[in-house]
Amino acid sequence: MRSSPAAVQPGSVPGTDAPRRATLLRLVGAGVMLTVMADTTATTLAVGLMRNSAAGNGMPLNDLVWLTSAAFVPIAALLASAGRWADLFGRRRVLVIGLLVFVAGGIATLTLPSWPAVLAARAVQGAGAAAMIPASLAVLLGELPEQQRRGAIALWSSASGLGCLLMQAGSGWLAAGFGWRALFAPVVVTGVLLLVACAWLPPGTNRATARSRPDLLGGCLLAASIAALVLAISKMTTWGMDSAWLACAALVLLVAALAQARRHRVPAIDLTLWRRPGFAWGWLATWGFGMLSYGLLTLQPLYLLQLGFPMMEVALWLTPTSVAMVITAWLGGKIVRKLGPYGLIYLGAAVCGGSCVVALAQTTPNLWGLAASIGIGIGVGALAPGTSMATTLTAQPHQYASAVGAAVMSRMVGGAVGVATVSVIIDHPFMAGPLGGLASALAICVAVSVLVGSLALIKMLRMPHATGEVMVLVPRRMLLELRTTLATVAAEADALQAAQLAGESPAISPTTAIPQQRRATAPAPAMRATAGSPTRPLGGTLVRSPEGLSSWQ
């Protein structure tokens, strides 16, 4: 039986160092996601603080949220290319480069005085995160055995909730003592620690293609396309028709990037991913998850700070959401074995949408609002591993970073849409009342939850057996081929034995030595695997050629 690619990687070779290396792989992979999510949480908290204090200089919310969008644009624009290059030129190498860029951008965010310089520094951090995210999970999946990959994805996903929790727990003290910029200091420290840990990681290089020239033109076209699309969405209310023209330009650039990918030997966009069963469904569900999760992440602190709560109490109100998210994401790795990725997505969308409906009925923070907040954490915590598995596990092992990059790109584009939509609707609500902006934004979140749940339900109803268990289907096919081969070998052994017995009696020909009863009961395999040829259905009886070879006809 063929061995898994992970089984021949340095990190998965049995030995005394294997457990320690596996632990290091998990810590680094989870640490990267923890750092990125803590940085995103710090951004949303900083936006709320600046909106409700003099630090914002009276800027409208649509401009303040660019502290978040400035990082989302390069993340969404570069993720697919970064994941592709990590698969080709070394996952550890790309991870280290991403960490260096991320730490440099964080230091600039802490020190640069002007608002445009801060936004530029946030864009640099986003570019670093775009390289870190796919490379970290690809290193983790590429070095672990198949039976441990689902747990690794669950850990990687739950680490994002832990990063959100830790940032919310310490945000009140940091902001009260040092201002909103101090919220970005912890991610710089963790980035430096992850850089040190990378020295002990396996390189994860695909040597077969490591010398191929990357598709730089295709990468630039894709980055420009996604950046233009996110910018058009974020500024649609202020730029008017200019945003529509910018969206059209983004579409043209995307078509050019796809055309370049069809021609290049090592394209920036791995088009073969989209031919994998279920990848497109997972990609769409991930997009909806990004819009829902980041929209809610922006909405919650804005609502509490608008009611006049101090930052310390805001952190206490947000902590149960993050705790529920961490626990559910960790349990999702176990639940998915029974429900499948799309069952987990459907469950998370239903819980998240129902919790938003409960929150809509509340006018002030109370116990029902707290319960709804916990429900939102449970729903988001279930969606995180479900969407990650629905996309990542459809790829081949050598495509892990590409699949992660494409999936997280989808999440970040959805997140940019969610943040922009929330900021616009809060200032321009379509529902009446003193909290019309909050109610309008929550109504949009309910609609997105219904959309994501419907996608998962349709997928489950159309293909009940296809719950994303590609890793189970492949070994099953291999076992069927093995059974066929063994049946053929057993039939040939019977024929040889009969021929030897027939050699003692000259009246019996070797070609007719197989007893009729034995021939009738010999197992006729449904599939036959031959070297260098695909499996094909066969049936009939065993025929022996003059050269002594057997075949089924």
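Atom set for the values below is all heavy atoms of this structure, side chains included, hydrogens, waters and symmetry mates excluded.
With sequence neighbours excluded, the residues that form a side chain to side chain contact (heavy atoms under 4.5 Å, CB included) with V417 are I233, W287, M291, T421. Listed by chain and number, the residues in a side-chain hydrogen bond (donor to acceptor under 3.5 Å, both in side chains) with S410 amount to none (sequence neighbours excluded). Considering only residues two or more places apart in sequence or on other chains, A250 meets the side chain to side chain contact (heavy atoms under 4.5 Å, CB included) condition with S225, A228, L229. With sequence neighbours left out, the ring-ring contact (aromatic ring centres under 6.0 Å, His included) criterion links Y294 to F72. Partners of T387 under the side-chain hydrogen bond (donor to acceptor under 3.5 Å, both in side chains) rule, at least two apart in sequence or in another chain, do not exist in this structure. Taking R181 as the reference, nothing meets the side-chain hydrogen bond (donor to acceptor under 3.5 Å, both in side chains) condition, with sequence neighbours excluded. Residues satisfying the side chain to side chain contact (heavy atoms under 4.5 Å, CB included) test with T35, not counting sequence neighbours, are F102, V187, T190, L194. Applying the side chain to side chain contact (heavy atoms under 4.5 Å, CB included) rule to W173 yields the partners F178; only residues at least two apart in sequence or on another chain are considered. Shown here are the side-chain hydrogen bond (donor to acceptor under 3.5 Å, both in side chains) partners of S136, two or more places apart in sequence or in another chain: W156.
The CG atom of L297 sits 8.0 Å away from the OG atom of S322 when rounded to the nearest 0.5 Å. Note that CD1 of I374 and OG1 of T319 are 11.0 Å apart. Values are rounded to the nearest 0.5 Å. In this structure, the separation between OG on S355 and CD1 on I378 is 7.0 Å, given to the nearest 0.5 Å. Annotation: the span from L344 atom CG to L383 atom CG amounts to 7.5 Å, rounded to 0.5 Å. The line from CG of L347 to CG of L339 is 6.5 Å long, rounded to the nearest 0.5 Å. With values rounded to the nearest 0.5 angstrom, L183 atom CG is found 6.0 Å from L174 atom CG.
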Return all side-chain donor-acceptor pairs below 3.5 angstrom for residues 430-439, not counting sequence neighbours, or 'none' if the list is empty.
none

For a quick test of your reading: what N or O donor-acceptor pairs under 3.5 Å do the side chains of residues 36-49 make, sequence neighbours left out?
unit_1	atom_1	unit_2	atom_2	d
D39	OD1	R122	NH1	2.9
D39	OD1	Q125	NE2	3.4
D39	OD2	R122	NH1	3.0
D39	OD2	R122	NH2	3.1
T40	OG1	V36	O	3.1
T41	OG1	M37	O	2.8
T43	OG1	D39	O	2.9
T43	OG1	R122	NH2	2.7
T44	OG1	T41	O	2.8

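By the 4.5 Å heavy-atom criterion applied to side chains, L165 and L162 are counted as neighbours. Between L442 and L296 the shortest side-chain heavy-atom distance falls below 4.5 Å. When side chains are defined from C-beta on, V192 counts as touching V103, because their heavy atoms get closer than 4.5 Å. Counting only heavy atoms from C-beta outward, the side chains of V422 and V65 never approach each other to under 4.5 Å.
A pairwise comparison of heavy atoms in A121 and T109 identifies CB-OG1, 3.4 Å as the closest pair. Pairing each heavy atom of A129 with each of I75, the nearest pair is CB-CD1, 3.9 Å. For the pair A372 and V358, the tightest heavy-atom approach, listed with the atom from each and the gap, is CB-CG1, 4.0 Å. Taking every heavy atom of both residues into account, I458 and W281 meet most closely at CG2-CH2, 3.6 Å. Summarising the geometry of A135 relative to A131, their closest heavy-atom pair is CB-O, 3.3 Å, with the distance given to 0.1 Å. Annotation for C356 and V446: closest pair CB-CG2, 3.5 Å, computed over non-hydrogen atoms.
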(message) I'd like to know whether V452 forms a side chain to side chain contact (heavy atoms under 4.5 Å, CB included) with L292, so could you lay out the CA-CA distance, the side-chain angles of the two residues, the decisive distance to 0.1 Å, and finally the verdict.
(response) CA-CA 9 Å; V452 174; L292 180 64; 5.7 Å; no
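Within 6.0 Å of CZ in F184 there are more than 12 heavy atoms belonging to other residues, nucleotides or ligands.
In terms of modelled atom types and a separation under 3.5 Å, the side chain of T286 and the main chain of G282 share a donor-acceptor contact.
For residues 449-458, no pair satisfies side-chain hydrogen bond (donor to acceptor under 3.5 Å, both in side chains), with sequence neighbours left out.
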